[in-house]
Visitor: 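Starting off with a structure, shown below.
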Amino acid sequence: MWVVLVCYAEPIVMVLKPQEPSVIYGNVTKKVARKITRSHIMQDTPLPDYALGSWGGEIEGIIPLFEQKSMKMQERRLRNCGFIDPTNIGHYLAQGGYSGFMRALKMESSEIIEEIKKSGLRGRGGAGFPTWMKWQFCLDSGKKTNYLVCNADEGEPGAIVNRSLLESDPHSVLEGILIAAKTIRAKKAYLYCRAEYPLALERLKTAIKEMKERGFLGKNIMGSGFNLEILIKEGAGAFVCGEETALLASIEGERGTPRTRPPFPTTEGLFGKPTVINNVETMASVTQVMQQGAEKYSQMGTKESKGTKTFSLVGQVKKTGLIEVPLGTTLREVIFDIGGGILDEGEFKSVQIGGPSGGCVPVQLLDTPIDYSSLLEVGAMMGSGGLVVMDHSTCMVEVARYFLEFIQKESCGKCVPCRLGTKQMLDILTVITVDKGKKKDLDVLPELAEAVKLGSLCGLGQSAPNPILTTMRFFMEEYQSHIEDGICPARDCKEFITYTIDSETCDGCMGCIKSCPVGAISGKKDKVHIIDTLKCVKCGTCLDLCKKKKNAVILANNC
Amino acid sequence: MQVLNKILSRYAGEKSDLVPLLQEIQSEYGYLSEELMKEVSHFTNAPESEIYGVATFYTQFRFTPKGKKHISVCTGTACHVTGAQQIIEDMERHLNIKEGETTPDEEYSLESVGCLGCCALAPAAMVNDEIKSKLSLRNIKKLFKGYKPPESSK
């Protein structure tokens with residue numbers, strides 16, 4: 001699997017032949033695979049029609065992959081992903097793997113911290129806290145036992161950044177853990193990974209076994225006197241466990257509820273000992289800094305946000321998948337140049353960044369550069385890297401409702417404003433999406449939002465109102481149409497819409513009748529079909545089907 | 001209980017083992033029954049209420065048996081905007097159960113889950129351990145081909 005932005009064309013096949021440029025084929029089916037085998041593999045005739053690009057040279061009719069516009073803009077921390085066998089440590093070593101750690105072994109903790117500081121690396125978990133500072137705080141606590149925790153509890157819906165790193169290049173994360181643990185003098189490191197990522201867990205276990213065999217883990221690593229044990233903890237499905245104090249509670253075998261800070265985990269963390277908690281991508285970035293040197297790393301990105309960031313670009317965009325760009329790249333470049341624009345030639349409406357804690361950025365702010373401060377200015381946040389693109393058919397009130405539903409389910413219940421406030425906000429949003437909203441709802445929502453923000457202990461509650469606040473800020477007219485005019489402008493909320501068949505264009509092909517899951521459409525062959533609106537569940541199957549044929553199904557607001 | 005004892009013998013009974021212990025028990029038995037949780041309470045020397053409290057906090061743990069085919073429909077953002085809710089509703093119609101339930105003949109169980117991490121292939125679902133991608137109301141029919149749910153869901 002090749003993970004850098006050809007994910008949209010999976011399954012991928014790459015043909016490598018000696019002395020020849022390689023060719024990457026996309027959307028490979030059994031039939032195409034047979035053709036590739038017969039023509040390219042057996043007879044040396046590549047097939048430009050099925051190729052996405054070439055690699056390591058040009059072949060007639062095939063443009064080299066990295067010459068293409070969408071690829072040129074990307075940087076690659078995921079550089080090993082798809083090129084090396086993640087279950088073979090030899091591949092990683094051959095790519096210069098563990099050279100960053102070997103360098104760190106010869107350095108004092110203060111020197112490593114200085115190097116990370118120089119690189120300008122900020123935590124990739126979302127909040128963007130400078131990585132070196134966390135490490136320094138932990139060392140400053142002066143205690144004997146320190147712990148390192150790598151947070152791989154990537155629960156943010158729409159983000160798959162950690163997953164790909166752990167599955168395709170686990171050693172780059174583990175090397176970062178070694179470096180961090182060596183710096184803060186930890187003897188035990190925990191890697192907290194979601195149980196929903198079975199392949200990632202399997203790869204990690206294999207990688208750790210290989211590290212032990214090669215002497216990169218255990219007692220007296222590489223003869224340096226440094227000891228480390230890495231333990232894998234499987235998360236059990238609680239979004240709030242991405243919050244650091246909740247994550248620690250979960251490792252200790254408790255309910256994953258956050259606690260008041262200070263004391264911060266760097267002074268009093270796991271089992272009461274100083275603990276550094278770093279995200280998966282941060283660990284892989286540490287590896288990169290130590291391998292390349294801080295100077296080279298800090299050349300990428302903007303003044304305040306150094307380096308690159310991986311995003312998962314998904315939703316209504318042509319080329320979905322993982323991308324990696326220098327910080328400071330604009331949203332427009334990401335969505336239109338790299339992502340190829342909106343699916344089915346639709347109209348761009350909004351891009352959701354940072355998951356449930358983030359916000360929705362509208363079309364007029366598409367030129368916002370992706371860096372920590374610019375995103376905060378527009379009410380969103382970096383989060384762990386989900387970019388969900390929405391087109392004109394997505395209702396923004398419904399999007400806000402969806403995120404609130406998620407947050408409300410995942411609220412641990414400890415802080416009253418979060419537990420009750422999110423429920424109240426969800427109820428109001430639900431009422432608006434079923435055509436029962438009142439004008440005063442629009443005054444109550446921001447008030448509640450403020451209360452939840454101020455009255456919650458952890459990041460989940462403090463940022464819970466973000467989806468509401470950003471959608472109200474940029475898409476107020478949609479809220480108003482729902483409440484005042486009884487119209488869902490996106491024709492998305494079911495209570496507002498009806499499906500009918502246009503009697504003049506319907507040719508009676510029976511297609512929709514066969515496809516309707518509830519048998520709501522009736523009619524005879526070559527006669528106009530009719531939708532029983534009482535039976536209709538408004539699933540849209542007939543619309544999708546007919547769009548390509550006669551386009552006779554009409555979707556309209558009730559009034 | 002022999003299976004349970006075998007699992008317990010691998011743990012020291014410390015509090016921090018609780019989540020992995022429950023995970024292992026669930027993967028063996030399919031769900032956490034009252035009896036099993038009582039045993040865990042004895043083993044870890046923690047009150048039953050605490051074990052239950054921890055277990056109910058995490059969405060991974062279930063307290064009713066799974067069907068032979070367990071379907072987890074992803075409701076992450078990308079799947080949501082590409083129609084996950086409709087997929088769930090249609091599966092409910094096919095199986096004549098609600099989300100979170102198991103068919104009376106224990107053939108199928110259906111639940112919605114947080115992001116499965118296959119956002120580029122949305123909408124997605126997992127049938128036992130296998131990912132089904134780019135679902136539509138048309139192609140999910142194949143999943144239930146030839147299956148007739150028993151009359152009532154209770």
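Every value quoted in this text rests on a predicted model; they were computed, and no experiment measured them. A note on names: the letters A, B, ... follow the listed sequences, proteins ahead of strands, and every chain is numbered from 1.
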Visitor: Keeping the roles fixed (side chain from A:Q316, backbone from A:I342), state whether a donor-acceptor pair exists under 3.5 Å.
Guide: no
Visitor: Would you mind reporting whether A:E234 and B:Q23 have side-chain heavy atoms less than 4.5 Å apart?
Guide: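 Heavy-atom side-chain distance check passes, below 4.5 Å.
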Visitor: Under a 4.5 Å heavy-atom cut-off, does chain A meet the side chain of B:T56, its backbone, both or neither?
Guide: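 When you check distances to chain A, only side chain atoms of B:T56 fall under 4.5 Å.
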Visitor: Counting heavy-atom pairs closer than 4.5 Å to chain A, which one of B:L18, B:L116, B:T59 comes out on top?
Guide: B:T59
Visitor: So for A:C241, is it side chain, backbone, both, or neither that comes closer than 4.5 Å to the heavy atoms of chain B?
Guide: side chain
Visitor: With a 4.5 angstrom heavy-atom cut-off, is it the side chain or the backbone of A:T257 that approaches chain B, or both, or neither?
Guide: both
Visitor: If you count heavy-atom pairs within less than 4.5 Å of chain B, which of A:G256, A:G315, A:S393 leads?
Guide: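 With the most close heavy-atom pairs to chain B, the winner is A:G256.
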Visitor: Identify which part of B:Q85 has an atom lying under 4.5 Å from any heavy atom of chain A, answering side chain, backbone, both or neither.
Guide: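 Contact with chain A involves no heavy atom of B:Q85 at all.
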Visitor: Regarding B:T102 and B:Y108, is there a side-chain donor-to-acceptor distance under 3.5 Å anywhere?
Guide: no
Visitor: Non-hydrogen atoms of chain A under 4.5 Å away: do they reach the side chain of B:C79, the backbone, both or neither?
Guide: neither
Visitor: Given A:Y197 and A:D153, is the side-chain hydrogen bond (donor to acceptor under 3.5 Å, both in side chains) satisfied, shown in steps?
Guide: CA-CA 10 Å; A:Y197 289 175; A:D153 191 41; over 6 Å; no
Visitor: Are B:I97 and B:L110 close enough that some pair of their side-chain heavy atoms sits under 4.5 Å apart?
Guide: yes
Visitor: Pick from A:G235, A:G540, A:S515, A:P198: which one has the most heavy-atom pairs with chain B under 4.5 Å?
Guide: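 Between A:G235, A:G540, A:S515, A:P198, the count favours A:G235.
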Visitor: Given 3.5 Å as the limit, does a donor-acceptor pair link the side chain of B:E99 with the main chain of B:M91, or not?
Guide: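 Pair absent, no side-chain N/O of B:E99 close to backbone of B:M91.
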Visitor: Classify the ring geometry between A:Y402 and B:H80 as parallel (under 30°), tilted (30 to 60°) or perpendicular (over 60°).
Guide: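 Because their plane-to-plane angle is under 30°, the rings of A:Y402 and B:H80 count as parallel.
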Visitor: Is A:K233 in contact with chain B via its backbone, its side chain, both, or neither, using a 4.5 Å heavy-atom distance?
Guide: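 The answer is the side chain of A:K233.
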Visitor: Identify which of B:S133, B:G53, B:A46, B:C74 forms the greatest number of heavy-atom pairs closer than 4.5 Å to chain A.
Guide: B:G53
Visitor: For chain B, find which of A:Q352, A:E196, A:K494, A:E410 contributes the most heavy-atom pairs closer than 4.5 angstrom.
Guide: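 Among the listed options, the one with the most contacts to chain B is A:K494.
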Visitor: Checking heavy atoms, do the side chain of A:E252, its backbone, both or neither come under 4.5 Å from chain B?
Guide: backbone
Visitor: Given a strict heavy-atom distance threshold of 4.5 Å, which part of A:K514 is in contact with chain B: side chain, backbone, both, or neither?
Guide: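 The backbone, not the side chain.
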Visitor: Any chance the side chains of B:E34 and B:Y52 put a donor and an acceptor closer than 3.5 Å?
Guide: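 B:Y52 and B:E34 do not have a side-chain donor-acceptor pair below 3.5 Å.
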Visitor: Pick one of side chain, backbone, both or neither for A:V518, based on which atoms fall under 4.5 Å of a heavy atom in chain B.
Guide: side chain
Visitor: With chain B, which of A:S250, A:A195, A:A238 has the greatest number of heavy-atom pairs at distances under 4.5 Å?
Guide: A:S250
Visitor: Taking the inter-plane angle between the rings of A:F271 and A:Y147 on a 0 to 90° scale, is it parallel (under 30°), tilted (30 to 60°) or perpendicular (over 60°)?
Guide: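 Plane angle over 60°, so perpendicular.
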Visitor: Verify, without hydrogens or angle tests, whether A:R491 (side chain) and A:L555 (backbone) share a donor-acceptor contact under 3.5 angstrom.
Guide: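 Checking the backbone N and O of A:L555 against the side chain of A:R491, a donor-acceptor pair under 3.5 Å is found.
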